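Computed from heavy atoms alone, side chains included, the values below leave out hydrogens, waters and symmetry copies. Since the structure is predicted, the reported quantities are computational estimates derived from the model, not experimental observations. Numbering of residues begins at 1 and proceeds along the displayed sequence.
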Amino acid sequence: MAIKNHILGFPRIGLHRELKFALENYWSKKITLNELLTIGKEIRYSNWKCQSDSGLDYVTVGDFAWYDHVLNISMMINNIPKRHQINEQKINLDTLFRVARGSNLIDKNCSASEMTKWFNTNYHYIVPEFTYDQKFCFSWKQIIEETDEALSLGYSVKPVLLGPLTYIWLGKVKGISFNKLDLIEKIIPIYQEVLAELSKRKIKWIQIDEPILVLDISKEWKKAFIRTYKQIYTNKIKILLSTYFGDVHHNLDLINILPIDGLHIDLIAGKYDLLKLHNYFNKKFLLSLGIINGRNIWKSDLLKWFTQLKSFMKFRNVFWISTSCSLLHVPLDLSLEDNLTDFVKSWFSFGIQKCLELSILSRVLNDKLDIEEIYRWIKPINAYKSSNIVNNVVVQNRVLQISPDQMKRKNDFLIRSKIQKLSLNLPILPTTTIGSFPQTSDIRKLRLDYKSKKISQLDYENSIKKHIKNNIIQQEKLELDVLVHGEPERNDMVEYFSEYLEGFVFTQYGWVQSYGSRCVKPPIIVGDISRITPITVMWSKFAQTLTKKPIKAMLTGPVTILCWSFPREDISKENIANQIALALRDEVLDLENAGINIIQIDEPALREGLPLRKNYWNNYLSWAVKSFQLCSSGVKDSTQIHTHMCYCEFNDIMSAIVDLDVDVITIETSRSDMELLEFFKNFKYPNGIGPGVYDIHSPNIPTIDWIEQLLIKAIKYIPIQQLWVNPDCGLKTRTWMETSLALQNMIQATINIRKKFLKK
């Protein structure tokens with residue numbers, strides 16, 4: 001066939017999240033290593049069968065990861081931080097988990113490696129650590145073993161590896177400062193060895209992902225690309241260089257002279273003119289065209305692509321079609337969903353269905369299938385456009401009437417902070433948490449019983465109130481200064497809010513991996529958005545009746561709800577964000593009217609939504625900040641607005657964070673040993689700030705001394721009067737024992753620091 005199809009990667013959590021449960025059972029010693037390995041193998045076999053049965057020409061191998069694919073490369077090249085090494089022990093799966101989650105086997109403070117967002121997605125990766133005297137070797141041969149598995153099953157195999165330049169780009173230097181790009185010469189031999197092993201197995205193509213080619217890279221990095229691929233290239237196996245999440249026009253001078261055989265480009269996120277592509281790229285390259293959206297769940301307009309690709313065939317009659325990026329970012333199988341109406345369900349396409357889209361399109365292009373199949377596939381797309389589910393005139397008019405006055409607090413922070421200090425009467429270094437407390441099996445069962453109508457609404461509400469009361473009692477015992485209700489009623493910070501907003505629909509099995517065993521089920525935005533009823537007011541108001549201390553209400557911000565949902569594609573993201581912000585504005589004002597004086601509006605996705613190239617940043621930050629201001633600025637000066645952000649690079653957007661004009665921001669800094677605070681040497685953040693003092697994603701209990709040292713470091717950069725003390729994220733994934741011990745140490749460390757600094 002002239003037109004072949006493939007995907008860049010497949011979801012790896014399993015049809016029913018088998019990987020998640022297997023990992024958690026292994027970590028809690030409920031299953032053996034062999035049992036875990038067997039489950040992983042079953043998932044891989046199922047994934048390859050799905051791809052083959054869907055009609056793909058190649059199955060993609062090497063995209064499976066026990067935690068994340070960047071950590072896979074760290075393991076492959078033996079890049080294991082010394083604190084995670086045990087004597088001369090050969091690295092194994094437990095080594096991988098120590099790097100990802102931390103461990104107290106070696107040292108009580110053997111912290112996990114830093115975790116951050118994968119480009120502009122909600123997927124997280126473990127940040128590689130580089131040291132001056134680094135040595136590498138090919139020590140983890142998962143890519144070879146899995147290739148052998150797939151070949152033994154008779155599949156046409158295309159292995160995938162994260163490219164060496166992108167890997168280095170994503171890493172951080174630790175200890176003695178040096179140019180991390182110098183490490184490339186040490187890593188190249190390992191990639192050469194991998195390609196040599198694959199060529200022995202008669203593999204025709206290898207996909208090497210270099211997504212940093214959509215970024216602005218320097219001349220030094222461009223030279224490194226040329227040098228690297230000249231050494232990696234071999235005539236024995238063809239290299240498909242894969243780019244995604246944007247276009248590569250600005251790096252054409254580099255790409256067109258690279259010694260590669262094929263190039264994948266993202267036609268969904270990239271700004272390409274398909275009919276001019278033959279002029280852009282080296283004529284010797286096989287082009288792989290990413291035409292099926294790997295980051296959203298809407299059916300593809302196959303007729304549009306068929307028309308364009310048919311014209312493109314006049315210029316190149318041999319090419320591949322593919323997903324825009326890995327299908328890691330979408331759910332696995334739409335056919336599992338039976339709660340959606342057939343009408344709404346017909347609009348969507350999940351991982352398996354996207355493979356089928358590629359198969360249909362390639363077969364029609366190759367005259368192996370009648371074009372009527374395409375017309376049948378796209379029929380629901382036209383039905384969506386005319387559906388009354390989509391349009392709400394009241395919401396549309398409200399957006400049109402937004403005024404600048406709605407985006408400003410009455411007075412600036414200096415005035416507000418004095419009023420809040422008097423009304424809240426908080427000590428120096430006030431202690432709080434980020435919002436959630438442990439989600440026990442009892443709580444999860446309670447929500448499930450209510451959802452399946454096994455218990456009444458009254459019984460459900462009374463039971464939730466008991467959990468809230470226990471959360472308040474525990475916080476009072478710990479002597480926290482600002483309390484939260486603990487969120488026992490919430491499944492997910494986005495899905496929960498979306499259930500109270502018109503314009504969303506929800507799946508039963510639409511799970512997507514966020515990191516490791518953490519999966520989320522993004523809601524789907526199908527229409528204009530408005531608030532159906534108050535969302536959190538009842539729970540926060542009840543919690544406040546149980547204590548004299550201030551209760552902090554918890555909301556998810558408009559940008560995060562947008563970014564962590566699957567958005568509609570017929571209107572702008574700015575428009576969607578403003579619709580969500582207006583709905584949340586109503587909630588904020590209702591909370592204030594109910595006597596809640598501290599309201600946290602979390603925006604962990606603010607940085608995630610940032611375009612990858614800097615020349616697009618200002619436009620995005622302008623509307624993103626305004627949408628936050630729109631939902632938060634209607635309150636009185638005495639109401640304290642907080643926000644929380646985690647696991648991203650904040651330095652790039654600090655001026656935008658200031659523009660949010662929140663009274664207190666809490667941020668993740670513990671995994672990076674307060675590295676972020678170095679930024680505050682020169683940048684004077686004017687408002688309150690709570691740098692997270694311990695990592696909630698690790699089972700390690702932080703010591704009092706550890707937290708004290710982090711607080712002392714923070715005080716060097718930020719005036720003590722501005723500092724808050726808190727964990728780095730919510731506590732829903734931890735046990736009550738872990739939570740209590742960690743918070744006890746956090747509070748004792750705070751007391752010790754207060755005494756130390758107030759004496760001065």
Donor-acceptor contact below 3.5 Å, side chain Glu587 vs main chain Thr536: yes
Partners meeting salt bridge (Lys or Arg N to Asp or Glu O under 4.0 Å) with Asp570 (sequence neighbours left out): Arg568
Ring geometry between Phe506 and Phe504 (parallel below 30°, tilted from 30 to 60°, perpendicular above 60°): parallel
Asp449 with Lys445: basic N within carboxylate O range, under 4.0 Å: yes
Separation of Ser565 OG from Ile576 CD1 (nearest 0.5 Å): 9.0 Å
Any side-chain donor near an acceptor of the partner, Glu357 and Gln353, under 3.5 Å: no
Exam field: side chain Thr95 to backbone His84, donor-acceptor pair closer than 3.5 Å: no
Asp209 versus Tyr244, side-chain donor and acceptor atoms under 3.5 Å: yes
Smallest separation among heavy atoms of Val157 and Val61, with atom names: CG1-CG2, 3.6 Å
Geometric cation-pi criterion Arg295 and Phe245, 6.0 Å radius, 45° cone: yes
Donor-acceptor under 3.5 Å (Asn293 side chain, Ser324 main chain): no
With His644, the side chain to side chain donor-acceptor pair (under 3.5 Å) member among Asp602, Thr560, Thr666: Thr666
Shortest non-hydrogen contact from Thr166 toward Phe119: CG2-CZ, 4.3 Å
Under 3.5 Å side-chain donor-acceptor pair for Glu35 and Asn25: no
Any donor-acceptor pair under 3.5 Å from Gln600 side chain to Met554 backbone: no
Electrostatic pair Lys732:Glu487 at N-O distance under 4.0 angstrom: no
Short side-chain donor-acceptor distance under 3.5 Å, Lys158 and Thr60: yes
Pair Arg444-Ser441, side chain to side chain contact (heavy atoms under 4.5 Å, CB included): steps then yes or no: CA-CA 5 Å; Arg444 290 193 294 271; Ser441 56; 4.1 Å; yes
Check: Tyr450 and Leu446 side chains under 4.5 Å, non-hydrogen atoms: no
Atom pair CG/OG1 of Leu340 and Thr507 - distance to nearest 0.5 Å: 7.0 Å
Test side chain to side chain contact (heavy atoms under 4.5 Å, CB included) applied to Leu332 and Ile13, step by step: CA-CA 9 Å; Leu332 185 54; Ile13 57 174; over 6 Å; no
Separation between CG of Leu8 and CG of Leu327, rounded to the nearest 0.5 Å: 8.0 Å
Heavy-atom check, side chain of Phe350 versus side chain of Val330, under 4.5 Å: no
Pair Asp333-Ser335, side chain to side chain donor-acceptor pair (under 3.5 Å): steps then yes or no: CA-CA 5 Å; Asp333 188 5; Ser335 69; 2.7 Å; yes
Check: Phe348 and Val505 side chains under 4.5 Å, non-hydrogen atoms: yes
Donor-acceptor pair, side chain of Asp68 and main chain of Leu71, under 3.5 angstrom: yes
Ion pair Arg44/Glu146, N-O distance below 4.0 Å: yes
Residue pair Asp442 / Thr440, side-chain donor-acceptor N/O under 3.5 Å: no
Asp63 side chain vs Phe10 backbone, donor-acceptor pair below 3.5 Å: yes
Tyr67 and Trp27 aromatic ring geometry - parallel, tilted or perpendicular at 30°/60° bounds: tilted
For Lys41, all residues meeting salt bridge (Lys or Arg N to Asp or Glu O under 4.0 Å), sequence neighbours excluded: none
Donor + acceptor pair across side chains of Tyr26, Asp94 (<3.5 Å): yes
Under 3.5 Å donor-acceptor, Glu603 side chain and Phe628 backbone: no
Between Ser740 and Gln474, a side-chain donor and acceptor under 3.5 Å: no
Any side-chain heavy-atom pair of Arg490 and Phe497 under 4.5 Å: yes
Centroid separation Trp736 to Phe437 less than 6.0 Å: yes
Atom pair CD1 (Ile434) and CE (Met493), whose distance is rounded to the nearest 0.5 Å: 10.5 Å
Polar side-chain atom of Lys20 near backbone of Gly14 as donor-acceptor pair, under 3.5 Å: no
Passing option when His69 is tested against Tyr167, Phe64, Tyr515, Tyr123 for ring pair (Phe, Tyr, Trp, His ring centres under 6.0 Å): Tyr123
Gln508 side chain vs Asp338 backbone, donor-acceptor pair below 3.5 Å: yes
Backbone of Ser54 reached by a side-chain donor or acceptor of Ser359 within 3.5 Å: yes
